[in-house]
Protein chains: 2
Amino acid sequence: MTTVGPPDSESESAWLAAYDPTAFTPIAVTVDVVALTIRRLPDSGAKALHVLTIRRGAMPYEGRRALPGGFVRAAENEDLDQAAVRELAEETGLAAHGGGESGALAAAPLLSRLHLEQLGTYGTPGRDPRMRVVSVAYLAFAPDLPEATAGGDAAAAHWVPVAELDPGRDPEGLAFDHARILADGLERARAKLEYTSLATAFAGPEFTVTELREVYEAVWGEPLHAGNFHRKVLSVPGFLEDTDTTTARGGARGGRRARLYRAGGARLLHPALLRPSREETL
Amino acid sequence: MTTVGPPDSESESAWLAAYDPTAFTPIAVTVDVVALTIRRLPDSGAKALHVLTIRRGAMPYEGRRALPGGFVRAAENEDLDQAAVRELAEETGLAAHGGGESGALAAAPLLSRLHLEQLGTYGTPGRDPRMRVVSVAYLAFAPDLPEATAGGDAAAAHWVPVAELDPGRDPEGLAFDHARILADGLERARAKLEYTSLATAFAGPEFTVTELREVYEAVWGEPLHAGNFHRKVLSVPGFLEDTDTTTARGGARGGRRARLYRAGGARLLHPALLRPSREETL
DNA sequence: TGAATAGTGTCTGTAAGACAGTATATG
DNA sequence: CATATACTGTCTTACAGACACTATTCA
């Protein structure tokens with residue numbers, strides 16, 4: 001650290017006025033993760049979008065669902081992205097909960113197909129009743145992950161269908177402002193499917209066009225025309241790459257075998273796959 | 001503030017382990033603002049996109065350009081958005097620099113047509129050599145503002161054509177990671193022009209189609225076909241609203257008078273106005 | 001063989017871009 | 001009138017959605 005002169009409180013060039021607790025109101029920095037995956041509903045067997053939630057084990061909002069998250073470990077020089085990966089790994093139990101700095105690294109292989117991006121930062125005073133907390137929210141997409149098992153905490157982590165958390169259907173709602181964060185994350189995810197190849201992050205390394213369509217249907221929450229979808233995705237350059245293989249079997253009750261594809265190199269889709277809805281939404 | 005039990009360091013439900021300086025590495029929270037406007041270049045007279053910058057008056061990066069920004073005033077319960085507006089108002093001198101909590105409010109009338117949105121959060125360890133700083137970046141769009149005058153600080157604020165800050169043309173570059181933040185802000189602005197009515201935020205309350213086209217050309221940095229642009233923007237429902245008036249005069253060297261429009265109610269454009277570039281960008 | 005699933009052909013309406021033309025202002 | 005600027009017509013190509021059709025596999 002370089003030593004600098006007098007404070008200049010109006011710009012980043014200032015020294016923190018702080019280190020004097022009487023003049024400095026601390027702000028805690030946390031990360032929260034909206035982790036999305038697609039899994040079958042236990043009852044209907046239909047594929048639906050799920051979000052990872054925990055049960056809070058302490059006040060406030062004790063017993064309520066919340067998004068996984070926690071403090072950024074500034075003392076360990078932890079980056080924001082690292083903190084998000086670490087929290088996700090700990091909550092899903094996908095990495096040994098050995099704690100310490102190895103957490104994020106140990107998770108790397110299992111979470112390798114994970115897509116992670118920053119969603120936004122939520123820092124309204126009062127969003128946490130205890131103190132001033134600024135939370136950097138992340139959005140994570142992953143292929144179907146194993147049932148989450150709580151890390152070391154008392155909190156139990158579970159995949160919950162996003163439809164169950166819909167305001168109105170959910171009597172209690174998520175803790176803090178997490179309902180808002182989730183809503184922002186869902187809108188971001190829905191929009192990104194339109195013009196990026198993100199949907200492939202929800203699928204395995206090889207997938208059929210039908211499986212890809214089910215991803216779009218689960219995230220957008222509406223059925224798509226199978227035939228037109230098929231022709232459209234194959235016409236986008238660089239989106240899908242043919243593996244020249246097919247599934248081993250057709251449908252359970254008959255049906256043609258489906259061709260297998262892997263994600264192509266394109267990250268931006270031209271032309272885009274626009275959502276059918278949002279018409280006359282004036 | 002509610003009193004809670006023992007710390008549970010893995011989730012937001014924890015008390016800060018801190019207030020004990022030996023166990024707590026503080027993180028400073030700041031806001032930085034990418035403020036964009038469109039003004040004529042002094043020499044050519046052409047309209048170009050400008051960004052607001054200050055000259056740093058203290059180490060590190062003393063004398064270098066930087067984005068305006070500063071600490072969030074946690075002690076005053078300041079919201080992140082408020083902090084961004086306050087910093088912008090102070091740096092542009094658009095509000096009395098009376099300081100204190102009235103800063104943001106006093107700026108409201110003058111900055112009323114301002115569009116402000118969160119851009120992203122930058123918190124990589126080491127981005128500020130002095131201490132750990134997490135900065136929430138904001139993107140602001142405004143019609144041509146008066147020449148910025150430094151607030152109370154020694155720093156001088158100026159509108160700079162973004163082309164001058166292009167890596168390669170700019171020998172020294174912006175301080176900290178502000179070049180990256182600016183690049184992210186520009187890409188966001190360019191993308192948002194495509195599918196939102198944001199361009200009208202750069203224009204006055206009433207404007208011609210040609211003025212609107214100049215906004216798109218300045219932000220995208222490439223010429224557009226005047227005729228096709230004209231027909232296209234008028235075909236988007238809710239984008240433009242006819243005022244049934246025209247400009248007082250035609251062009252300086254002859255030419256028809258242009259019809260005046262104001263921004264319509266639509267915030268999302270259907271169909272979108274896609275950038276001509278980005279073709280075969282595979 | 002019948003049903004289920006995968007994939008294709010074709011038609012229609014909408015929209016983008018190229019380009020040329022018309023309308024109305026200034027000097 | 002020459003010229004500059006605003007605006008419109010029309011043609012071609014591309015793409016989205018509707019719908020019907022063919023292809024292949026399973027029980």
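A note on names: the letters A, B, ... follow the listed sequences, proteins ahead of strands, and every chain is numbered from 1. Values below: all heavy atoms of this structure, side chains included; hydrogens, waters and symmetry mates excluded.
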Any side-chain N or O of A/Arg257 below 4.0 angstrom from OP1/OP2 of D/dC26?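 Yes, because at least one side-chain N or O of A/Arg257 sits under 4.0 Å from OP1 or OP2 of D/dC26.
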ask   = Under 4.0 Å between a side-chain N/O of B/Arg249 and OP1 or OP2 of C/dG27, yes or no?
value = yes
| task | May I ask you to list the residues of residues 227-235 of chain A, by number, that have any heavy atom positioned under 4.0 Å from an atom of DNA chain D? | result |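 By residue number: A/Asn228, A/Arg231, A/Lys232.
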To the nearest Å, give me how far apart [atom1] ([X]) and [atom2] ([N]) are.
X: A/Leu274; N: C/dA16; atom1: CG; atom2: P; value: 11 Å
X: B/Arg259; N: C/dA25; atom1: CZ; atom2: P; value: 12 Å
X: A/Leu224; N: D/dC19; atom1: CG; atom2: P; value: 16 Å
X: B/Arg256; N: C/dT24; atom1: CZ; atom2: C1'; value: 6 Å
X: A/Tyr195; N: D/dA16; atom1: OH; atom2: C1'; value: 20 Å
X: A/Arg213; N: C/dG7; atom1: CZ; atom2: P; value: 10 Å
X: B/Tyr216; N: C/dG17; atom1: OH; atom2: P; value: 13 Å
X: B/Leu212; N: D/dC7; atom1: CG; atom2: C1'; value: 15 Å

**Request:** Remember a base hit wins even if backbone is also touched, and classify A/Thr210 as base, sugar-phosphate or nothing at under 4.0 Å, heavy atoms.
**Result:** sugar-phosphate
query: Which part of the nucleic acid, if any, lies within contact of A/Ala226, taking any heavy atom under 4.0 Å across all strands shown: a base, the sugar-phosphate backbone alone, or nothing?
result: nothing
Between [X] and [Y], is there a side-chain N and carboxylate O pair less than 4.0 Å apart?
X: A/Arg188; Y: A/Asp184; answer: no
X: A/Glu117; Y: A/Lys192; answer: yes
X: B/Glu172; Y: B/Arg55; answer: yes
X: A/Glu222; Y: A/Arg213; answer: no

- The single option from B/Asp242, B/Thr243, B/Thr247 passing side-chain hydrogen bond (donor to acceptor under 3.5 Å, both in side chains) against B/Thr245: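 Exactly one pass, corresponding to B/Thr243.
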Distance, nearest 0.5 Å, that separates [atom1] of [X] from [atom2] of [Y]:
X: A/Arg65; Y: A/Glu164; atom1: CZ; atom2: CD; result: 7.0 Å
X: B/Thr37; Y: B/Phe141; atom1: OG1; atom2: CZ; result: 11.0 Å
X: A/Leu198; Y: A/Arg190; atom1: CG; atom2: CZ; result: 13.5 Å

Considering only D/dT25, C/dA6, D/dC19, which nucleotide approaches the side chain of A/His225 most closely?
->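 Of the candidates, D/dC19 comes closest.
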Ranking D/dC7, C/dA16, D/dA16 by distance to the side chain of B/Pro271, first place goes to C/dA16
**Asked** So, do A/Phe207 and A/Tyr261 have ring centers that fall under 6.0 Å from each other?
**Response** no
Quiz item: Any donor and acceptor pair, going by atom type alone, linking the side chain of B/His178 with main-chain N or O of B/Leu67 inside 3.5 Å?
Solution: yes
Please figure out whether A/Ala258 or B/Ala252 has its closest DNA chain C nucleotide nearer the 5' end.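 The 5'-side residue here is A/Ala258.
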| task | Could you tell me, to 10°, how much the axis swings from one end of the helix from C/dT1-D/dA27 to C/dG27-D/dC1 to the other, five pairs per end? | result |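 Terminal axis comparison yields 0°.
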